[in-house]
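Shown next, in structure tokens, is the structure this report addresses.
Every value quoted in this text rests on a predicted model; they were computed, and no experiment measured them.
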Number of protein chains: 2
Amino acid sequence: MAWQPGIVHPLPMSSDLPPEIGPADAAPTLSAVAKRAGVSSITVSRVVRLPDLVAPETRARVERAMRELGYVPNLVAGALASARTNSVGVLVPTIANSIFADTVQGLSDTLEPRGFSVILAQSRYDAAREDRMLAALLSRRPEAIIMVGSPATEEGGRLLRNARIPIVETWELPPAPIDAVAGFDNYKAGVAVAKHLVAQGRKRLAFIGGDDPRATRRWSGFRDEILASGLAEPRRLILERNATGSVVAHARLPDVDAVFAANDAHAIGFMAGLRSAGLLRDGPASAQPVAVIGLGDLEMGRLISPTLSTISVHGDAIGRTAATLTLERGGERRVDLGFELVLRDSG
Amino acid sequence: MAWQPGIVHPLPMSSDLPPEIGPADAAPTLSAVAKRAGVSSITVSRVVRLPDLVAPETRARVERAMRELGYVPNLVAGALASARTNSVGVLVPTIANSIFADTVQGLSDTLEPRGFSVILAQSRYDAAREDRMLAALLSRRPEAIIMVGSPATEEGGRLLRNARIPIVETWELPPAPIDAVAGFDNYKAGVAVAKHLVAQGRKRLAFIGGDDPRATRRWSGFRDEILASGLAEPRRLILERNATGSVVAHARLPDVDAVFAANDAHAIGFMAGLRSAGLLRDGPASAQPVAVIGLGDLEMGRLISPTLSTISVHGDAIGRTAATLTLERGGERRVDLGFELVLRDSG
DNA sequence: TGACCTTATGTTAGCGCTAACATAGCGTCA
DNA sequence: TGACGCTATGTTAGCGCTAACATAAGGTCA
């Protein structure tokens with residue numbers, strides 16, 4: 001059984017500075033506890049990990065010694081000896097102001113109670129940095145890697161495949177995944193938005209957002225569907241990653257009547273631009289001179305006016321599912337969590 | 001010198017499945033590389049960590065062997081041997097939809113380039129869980145702990161003090177910190193908001209938000225200043241942590257004319273409630289029947305209408321400063337990053 | 001020329017734990 | 001009664017690295 005911090009820790013300590021046994025500054029070790037309790041160190045190890053194997057009186061004696069010394073198990077040593085680190089590497093493009101925060105939250109809510117730690121790394125949408133972060137993560141020998149998207153380089157893929165641990169790619173459904181997948185079909189999301197806007201009678205459509213692989217898949221679905229319905233090729237505006245850039249995007253798309261933003265932040269920024277251009281109404285979608293659809297379903301979107309229509313994508317469920325996929329081998333390794341087009345007042 | 005993943009990794013590998021030397025599934029070790037390169041393992045270790053100490057030709061031979069075997073250093077073993085994990089434990093209440101995400105971002109942007117990994121844990125505003133997470137973090141022997149706020153229990157404080165590593169408390173300025181601090185004065189933030197609203201002529205004020213220590217400090221400053229200026233005791237409404245709860249908050253504060261929300265999400269939620277009650281104007285603060293001030297300065301606040309007045313708190317600077325405080329001993333251990341009252345249209 | 005650097009590499013021991021395999025004591029049961 | 005199983009505890013070896021201390025070869029300098 002995995003080490004369960006919840007069961008064993010924290011032990012209340014008897015004093016701020018434990019009575020010294022060995023050198024003043026060294027943290028007490030298993031064998032210091034063992035000596036004090038008059039048992040062998042393996043017995044202490046069992047009290048920490050497998051308390052049921054130890055007789056109640058022995059256990060009490062050991063626990064008392066741990067308390068008195070302020071013993072904190074050294075999982076670094078434990079991991080080396082057992083070849084289990086009870087940690088999971090998590091790689092996201094970014095965590096701030098971002099839809100991925102929900103996924104990290106879902107992840108750690110699932111992993112932490114089971115005694116797994118999350119080692120977090122950010123690629124900042126930079127392929128070289130992603131490779132470095134993957135290598136750094138792997139050298140800590142995590143039990144699994146969960147990442148947003150797929151590795152950007154061949155090298156990253158090799159690194160992951162050679163690690164021979166569960167790898168979960170998320171927020172996408174790659175055709176040839178390394179191992180497991182928890183995501184949704186970004187292409188279909190683009191199609192769904194296009195279908196909706198075309199059905200609404202919109203004619204001059206545009207896509208705004210980043211040019212990362214997921215945004216590009218959304219764009220592809222969006223464009224293909226629009227072309228298939230006989231309309232002119234939509235425009236695509238590639239923006240910086242902060243929403244503020246999208247405020248001025250409208251000036252560069254003078255006559256559009258519908259915009260699909262790669263995420264809610266961009267959508268809200270774009271709406272701010274529309275507002276100052278006098279092109280935003282508090283009324284329903286049909287009253288909007290320019291329809292706006294986002295992606296992510298931020299809570300904010302429901303609170304602003306007009307309320308934001310968006311593709312809702314269950315970021316926390318992606319995280320929880322990814323965590324489950326790392327813990328349970330076997331079973332379905334490709335989970336499509338889908339998405340929903342949530343129609344509100346913006347488009 | 002600390003191990004620098006950026007310098008050494010990743011090594012391009014020559015094939016997907018390295019030619020086997022030992023047992024099929026075991027990851028190659030230092031000594032496997034050493035054998036293949038015809039050197040001792042310490043030389044390989046030096047190529048990884050201190051390449052300048054190795055002659056160029058030897059280094060090339062070792063690097064070739066590493067590439068051929070797909071060697072990934074085992075930092076778990078390295079950490080045990082060197083007593084340096086090159087990791088930092090980070091404890092936040094929550095990461096999703098949250099102002100703390102900026103701090104985590106700032107943190108890891110500073111730590112990752114220096115070869116430190118971030119071990120992330122969430123307390124979910126739960127004292128028992130916080131203690132468990134602290135114990136779990138400490139058992140991984142991080143080089144330092146960075147946390148939002150101060151430990152909620154005596155036990156947590158003991159754990160941290162006994163760890164004898166740098167501890168950085170953030171988002172607050174505790175009077176008796178464990179070690180270092182990077183934050184701002186939440187009490188003064190409350191005072192600043194109260195002063196502003198009173199000067200604006202508001203009479204019936206309220207505070208909405210959580211009841212965590214930082215929100216409570218803001219409330220204290222807010223209330224004290226309002227009482228000091230001779231107005232009636234403000235009301236305090238304790239809300240769930242999601243913004244949606246604050247939408248209906250207005251019904252419970254029927255005749256307020258100014259509200260300070262403990263964070264921007266609550267502020268925006270409250271404004272949504274005002275909007276449906278017909279109490280929100282697109283005009284300037286003076287036109288608002290009910291003034292609303294948030295805290296956090298989310299990008300969103302600038303994009304919505306009316307734009308949100310708020311206390312801006314430099315979450316990323318807090319993170320960067322905290323990271324610096326863990327890396328550099330000595331110097332000032334208490335950094336007040338301050339805050340700014342940013343006045344826009346909401347109040 | 002030999003004492004003394006400097007550079008490049010190696011040897012040894014051990015970090016703090018756990019896996020795997022003893023061992024010892026006891027009760028059970030035919 | 002002794003073979004057997006069960007429970008509680010111990011012994012041994014080693015996980016994969018690095019610190020600390022050799023060692024060897026060549027260069028420098030009075």
Taking side-chain hydrogen bond (donor to acceptor under 3.5 Å, both in side chains) as the test, write out the residues that go with B:Ser82, two or more places apart.
-> none

With sequence neighbours excluded, what pairs up with B:Arg61 under the side chain to side chain contact (heavy atoms under 4.5 Å, CB included) test?
-> B:Val39, B:Thr58

Test side-chain hydrogen bond (donor to acceptor under 3.5 Å, both in side chains) applied to B:Asn74 - qualifying residues, sequence neighbours left out | none

All side chain to side chain contact (heavy atoms under 4.5 Å, CB included) counterparts of B:Thr153, not counting sequence neighbours | B:Ala127, B:Asp131, B:Glu155

B:Ser150: what forms a side-chain hydrogen bond (donor to acceptor under 3.5 Å, both in side chains) with it, not counting sequence neighbours?
-> B:Glu169

Do any of residues 53-61 of chain B sit with a heavy atom less than 4.0 Å from DNA chain D, and if so which?
-> none

Axis-to-axis angle across the helix from C:dT1-D:dA30 to C:dA30-D:dT1, five pairs an end, to 10 degrees?
-> 40°

What does B:Val39 touch in the nucleic acid at a heavy-atom separation under 4.0 angstrom: a base, only the sugar-phosphate, or nothing?
-> sugar-phosphate

With B:Arg64, which residues qualify under side chain to side chain contact (heavy atoms under 4.5 Å, CB included), at least two apart?
-> B:Arg67, B:Glu68

Boundaries of the chain A footprint along DNA chain D (any atom under 4.0 Å from a heavy atom) = D:dA8 to D:dG16

Give the ring-plane orientation class for B:Phe100 versus B:Tyr125, where under 30° counts as parallel, over 60° as perpendicular and anything between as tilted.
-> tilted

How would you list, by chain and number, every residue that makes a salt bridge (Lys or Arg N to Asp or Glu O under 4.0 Å) with B:Arg334, sequence neighbours excluded?
-> none

side-chain hydrogen bond (donor to acceptor under 3.5 Å, both in side chains) partners for B:Asp102, two or more places apart = none

Contacts of A:Arg129 meeting salt bridge (Lys or Arg N to Asp or Glu O under 4.0 Å) (sequence neighbours excluded), chain-then-number -> B:Asp109, B:Glu112

